[in-house]
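Keep in mind that the numbers below use all heavy atoms, side chains included, and drop hydrogens, waters and symmetry copies. The residues of the chain are indexed from 1 along the displayed sequence.
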Amino acid sequence: MLPMRAILLLLFLCQMCRADGLDGKVMCGYQGWFRVPEDGSQNGWHHYSPGKTFEPGKCGIDLWPDVRELAAEERFATGFKMVDGSVAEVFSSVRRATVQLHFQWMLEYGIDGVFLQRFVASTRDPRFRKPADEVLDSCRSAATATGRCWALMYDLSGIKPGETELVIADWKRLEAQMHLRDSRENPAYLRLREKPLVALWGLGFNDRAPILDEWRRLIEFFKKDAALGGCAVMVGVPAYWRTLERDAIHDPALLEVVALADVVSPWNVGRFSTPVAATAHAAKVETPDIAWCRERGLGYLPVAFPGFSWHNLSASRGKDAPLNAIPRLGGRFLWAQCVGAHAAGAKGLYVAMFDEMDEGTAIFKVRSDVPAGVTEFVIEPDVPGDEYLWLTGQAGRLLRGEVKGTEFPVR
């Protein structure tokens, strides 16, 4: 029988091995941004509601979460009521037990891990930075406990030219506190060729100011800085980054910046809306994308999404987006993307998102018996609430050659 020290070392080495590389892995984006007034964050109904109340007619989410597996103290009452008159409840992302449950679901359904979203614009304000730090700490603890992996993804949305220094300042602070690059302190942190992987999302989109020199500096900082670098870098780019069309800026210098990274991850959310269109996109766009990346020794992690709906969020902004704008089709839309990416040659997959209810892309457990009232939610009465967790796990099996993608999988 092995001594305890040897057993612990073996477990550590297994975790290290599992947390290296993207090949054969299906990763999810994890927002971790939902707050409630009673959770201590002082963020109010953050991302549940655009205002100070969360009730019928004042709502920012299009899916309703299933919180029945959480303990009573982890569930929070809302101004909504279920059809039977009971109070409708939600969760808070800052509660450690909630994050632990989410990672437990990943383990149960075979999802490899997450890219934790960290919005750079919010790191300057302690009111939002502190709860984000708490979510980060919960993620790294839960990932280690469940054998999942995780990595930090800096979302550059909302920052202005000259503000990318916020990323460096935040990374410096996190390194001082949590030593994320240290594999012994953070064995579940995702690594690429033994280097901690950091994702920078939002490079090259044509709806924001192009700051090519700053993007270049960020990549070089994470890769080469003597004190805080030594990382691998993944860049989140527009779906049409390679051809510099549609959602991308029309500047060839973008390709020079992208080539500095280690992994390219194109954002496909909202770029097509049917299984047929998803299959065509994979063949026409992702196949040559992958060839471009292979020629330069880069990895490629395409984004798949289950559907899209931001009817309630857009209404809060004075707009009128349709409910269920991109239908989920019981998982057939998501599966078509997974099969298409695999056929195109992708070895890993990023599923957006694990917990995104504002835009209706969440794959975690949701309810079809939603609250009553004037607010509408996306529902699929004949689809199990855990269907997309299961299907995302099947996508990982597809990548590893354990199942074939010729037919829609049946449980």
Side-chain angles (χ1 to χ4, degrees), residues 28-83 86-99 101-102 105 116-119 121-122 125 127-132 134-135 138-139 155 157-158 306-319 321 323-325 352-379 385:
C28 290
Y30 193 78
Q31 299 284 29
W33 61 12
F34 294 98
R35 315 277 187 263
V36 301
E38 299 86 5
D39 64 12
S41 69
Q42 299 183 341
N43 289 170
W45 289 108
H46 191 60
H47 277 277
Y48 277 117
S49 171
K52 295 182 178 180
T53 58
F54 181 48
E55 60 191 25
K58 297 180 180 179
C59 176
I61 61 174
D62 275 25
L63 297 170
W64 195 267
D66 190 341
V67 298
R68 288 174 291 188
E69 293 180 40
L70 287 170
E73 62 270 18
E74 305 298 334
R75 305 193 302 263
F76 298 90
T78 72
F80 289 87
K81 289 189 176 181
M82 307 302 287
V83 175
S86 61
V87 174
E89 299 174 315
V90 293
F91 67 87
S92 167
S93 301
V94 300
R95 300 303 287 261
R96 186 173 288 260
T98 294
V99 177
L101 177 63
H102 290 168
W105 287 345
L116 174 63
Q117 312 299 294
R118 191 166 180 87
F119 292 83
S122 66
D125 189 337
R127 293 178 304 160
F128 300 108
R129 187 178 64 226
K130 183 177 182 297
E134 293 173 6
V135 174
S138 293
C139 280
D155 191 316
S157 301
F308 186 87
S309 180
W310 63 356
H311 174 71
N312 294 319
L313 181 62
S314 66
S316 71
R317 298 174 178 176
K319 300 180 181 180
L323 184 72
N324 203 23
M353 308 283 285
F354 188 87
D355 57 339
E356 169 61 280
M357 298 181 288
D358 308 76
E359 297 180 354
T361 62
I363 59 104
F364 70 176
K365 296 184 183 183
V366 297
R367 299 185 65 161
S368 286
D369 54 336
V370 296
V374 297
T375 298
E376 297 180 284
F377 298 95
V378 173
I379 61 172

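Shown here are the side chain to side chain contact (heavy atoms under 4.5 Å, CB included) partners of Val366, two or more places apart in sequence or in another chain: Leu63, Phe364. A search for salt bridge (Lys or Arg N to Asp or Glu O under 4.0 Å) contacts involving Lys81 returns nothing, not counting sequence neighbours. The side chain to side chain contact (heavy atoms under 4.5 Å, CB included) search around Pro50 returns Ser316, not counting sequence neighbours. Scored by the side-chain hydrogen bond (donor to acceptor under 3.5 Å, both in side chains) test, Arg68 finds Asp66 as partners (sequence neighbours excluded). By the side-chain hydrogen bond (donor to acceptor under 3.5 Å, both in side chains) test, Asp358 is found to be paired with Trp33, His47, residues two or more places apart in sequence or in another chain being considered. Residues satisfying the side chain to side chain contact (heavy atoms under 4.5 Å, CB included) test with Pro37, not counting sequence neighbours, are Trp45. With sequence neighbours left out, Glu73 forms a side chain to side chain contact (heavy atoms under 4.5 Å, CB included) with Ala71. Every residue two or more places apart in sequence or in another chain was checked for a salt bridge (Lys or Arg N to Asp or Glu O under 4.0 Å) with Asp39, and none qualifies. Shown here are the side-chain hydrogen bond (donor to acceptor under 3.5 Å, both in side chains) partners of Asn43, two or more places apart in sequence or in another chain: Arg35. For Arg127, the salt bridge (Lys or Arg N to Asp or Glu O under 4.0 Å) partners at least two apart in sequence or on another chain are Asp125. Partners of Glu69 according to the salt bridge (Lys or Arg N to Asp or Glu O under 4.0 Å) rule, which considers only residues two or more places apart in sequence or in another chain, are Lys365. Among residues two or more places apart in sequence or in another chain, the ring pair (Phe, Tyr, Trp, His ring centres under 6.0 Å) test is passed with His311 by none.
In this structure, Val90 and Pro65 approach most closely via the heavy-atom pair CG1-CG, 4.1 Å. Minimum heavy-atom separation, Pro131 to Val94: CB-CG1, 3.6 Å. Across all non-hydrogen atoms, the minimal contact from Ala88 to Met82 is CB-SD, 3.6 Å. Shown here for Ser309 and Asn324, the closest heavy-atom pair between the two residues is OG-N, 2.9 Å. Scanning all heavy atoms of the two residues, the minimum distance from Pro56 to Ala372 falls at CG-O, 4.2 Å. Summarising the geometry of Ser368 relative to Ile379, their closest heavy-atom pair is O-CG2, 3.5 Å, with the distance given to 0.1 Å.
The CZ atom of Phe34 lies 9.0 Å from the NE2 atom of His46; values are rounded to the nearest 0.5 Å. Separating the CG atom in Asp155 from the CG atom in Leu116 is a distance of 11.5 Å, to the nearest 0.5 Å. From Phe128, atom CZ reaches atom OG of Ser41 across 9.0 Å, with rounding to the nearest 0.5 Å. Taken to the nearest 0.5 Å, the CZ atom of Phe76 stands 4.0 Å off from the CZ atom of Arg95. Note that CZ of Arg96 and SG of Cys139 are 9.5 Å apart. Values are rounded to the nearest 0.5 Å. Atom CD1 of Ile363 and atom CE of Met353 lie 10.5 Å apart (nearest 0.5 Å).
Ring orientation note: the planes of His102 and Phe91 are nearly perpendicular, at an angle over 60° on the 30°/60° scale.
Residues Cys59 and Phe54 have side chains in contact (heavy-atom distance under 4.5 Å, counting atoms from C-beta outward). A heavy-atom distance below 4.5 Å is found between the side chains of Thr375 and Asn312. Residues Gln31 and Ser93 have side chains not in contact (no heavy-atom distance under 4.5 Å, counting atoms from C-beta outward). Using a 4.5 Å heavy-atom cutoff, the side chains of Ile61 and Leu313 are not in contact.
The main-chain N or O of Leu323 is never found under 3.5 Å from a side-chain atom of Asp62 such that the two would form a donor-acceptor pair.
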